[in-house]
Amino acid sequence: MRTYKILTVIGARPQFIKASVVSAALGQSACLREVVVHTGQHFDANMSDVFFNEFRMRKPDYSCSIHGGSHGAMTGRMLISIEQILLAEAPDAVLVYGDTNSTLAGALAAVKLGIPVAHVEAGLRSFNMAMPEEINRILTDRISRWLFVPTASAAAQLASEGVPHSRIHSVGDVMFDVARRHGARCDPDGALLGALSREHGITAGAYCLATIHRAESTNHADRLRAICAALIALGRELPVIFPLHPRTRQTLRGLGALDSLAAAVLLIAPLGYRDMVQLEKYAALIATDSGGVQKEAFFHQVPCVTLRDETEWTELVDAGWNRLAPPTSAAAILLALRAAIGTRGQSVAPYGDGNAAKHIVTCLERELAGSPQRQSDTAIDEIYPS
Ligand code: UDP
């Protein structure tokens, strides 16, 4: 039997988490073989290595160590490195996740060489082109051959943009797969929450978990200050635990806002996935600008306030699990946080059956084994139908 080579490009925290289940499913395929490229976009031990260890993922075959600099410089350096790897490896398909610079660089390098691209988490839109993530996801969707969508609304969005139905594959959300696998396993007494309880008197069901990392929050001092002021005020009523993304820590330090925040909120280093899941699962409330954390709040049935102007995961707002609090005023954020505590949304199941990774691999097996020899021109013609 012929084997087909899938080259996966990952580089940022949520991508390691998503890839953990897909790479495991690829490892079980009889006809697909995976080569992994880590661009280096996230490189700290607690933003990268911890996930490879926790999920027992194989070390990447290639590590490009590209991080920092402007978006253009970073994406450009990634393009150059990934192209070299693609020329050497000649994979049958390239697999990318989500909406980071690593996603776009992987997809763009591949499509220019006539290598078909598979995009996991396709079809999401914030309709805010000021977000780097929105630019990355729209461009990646446009040049992908297989668009693996997590929700019905993502499928409908792609169809409305003219993507042929044959390219849209409704597989469900790989993060739901991960949450199902790892969420059930934790209890409130051990691990991190146990330690926080002993050291800080924080108890299960009686704290807010906060995460902030998006450029739209960290690049706007007034928005970041409003978020901090709201969390400081909430901290007088309910303990707030805030694992700080390195970029957020750096920005807060630059603004001189770190000390006042640290006095009212428990600031901790970025967490591994298991500790994060434990804190999510036993929180009274989650406040975040993260895409993944919004969904995990729902997976663990915890009310969530999204500190953004809009969200790609609108079904959770519609179902009452999530509410938007644009970070323009500390008072408005605080009201939204208070109002969310103790609420529950409707019973909905928008993210598939928890086997998204398996569905992705089955689809790739079928499509690659069934496809004629790939040709550069054919691939480009297919992607840009006349
Ligand atoms: N996460 C984690 N440790 C943390 C913060 C987040 O493991 O300290 C996980 C979180 O549980 C989710 C993912 O990282 O699975 C979300 O990534 P992030 O918020 O960085 O990116 P986004 O989802 O917004 O693209």
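Counting convention: from 1, in listed order, for ligands and their atoms alike.
Looking at L271 against ligand 1, both its backbone and its side chain come within 4.0 Å, counting heavy atoms. When non-hydrogen atoms are compared, ligand 1 lies under 4.0 Å from the side chain of E280 (C-beta onward) but not from its backbone. Residue contacts with ligand 1, taken as heavy atom pairs separated by less than 4.0 Å, involve S290 via backbone and side-chain atoms alike. Residue contacts with ligand 1 for E296 involve side-chain atoms from C-beta outward but no N, CA, C or O (heavy atoms, distance under 4.0 Å).
The pair D289-R223 does not meet the salt-bridge criterion, since no charged nitrogen lies less than 4.0 angstrom from a carboxylate oxygen. Residues E161 and R137 are not paired through a salt bridge, judged by the lack of any N-O separation under 4.0 Å between the basic side chain and the carboxylate.
Residues R214 and M131 form a side-chain contact, since some pair of their non-hydrogen atoms from C-beta on lies under 4.5 Å apart. Residues Q15 and H42 form no side-chain contact, since every pair of their non-hydrogen atoms from C-beta on lies 4.5 Å or further apart.
Atoms of ligand 1 lying under 4.0 Å from any heavy atom of G291, numbered from 1 in the order shown and given with element: 22 (P), 23 (O), 24 (O).
In this structure, M175 counts as a contact residue of ligand 1, since one of its heavy atoms falls inside 4.0 Å of the ligand. Within the 4.0 Å heavy-atom cutoff, R214 counts among the residues contacting ligand 1.
Looking at W321, F176, F299 one by one, the single match for ring pair (Phe, Tyr, Trp, His ring centres under 6.0 Å) with Y351 turns out to be F299.
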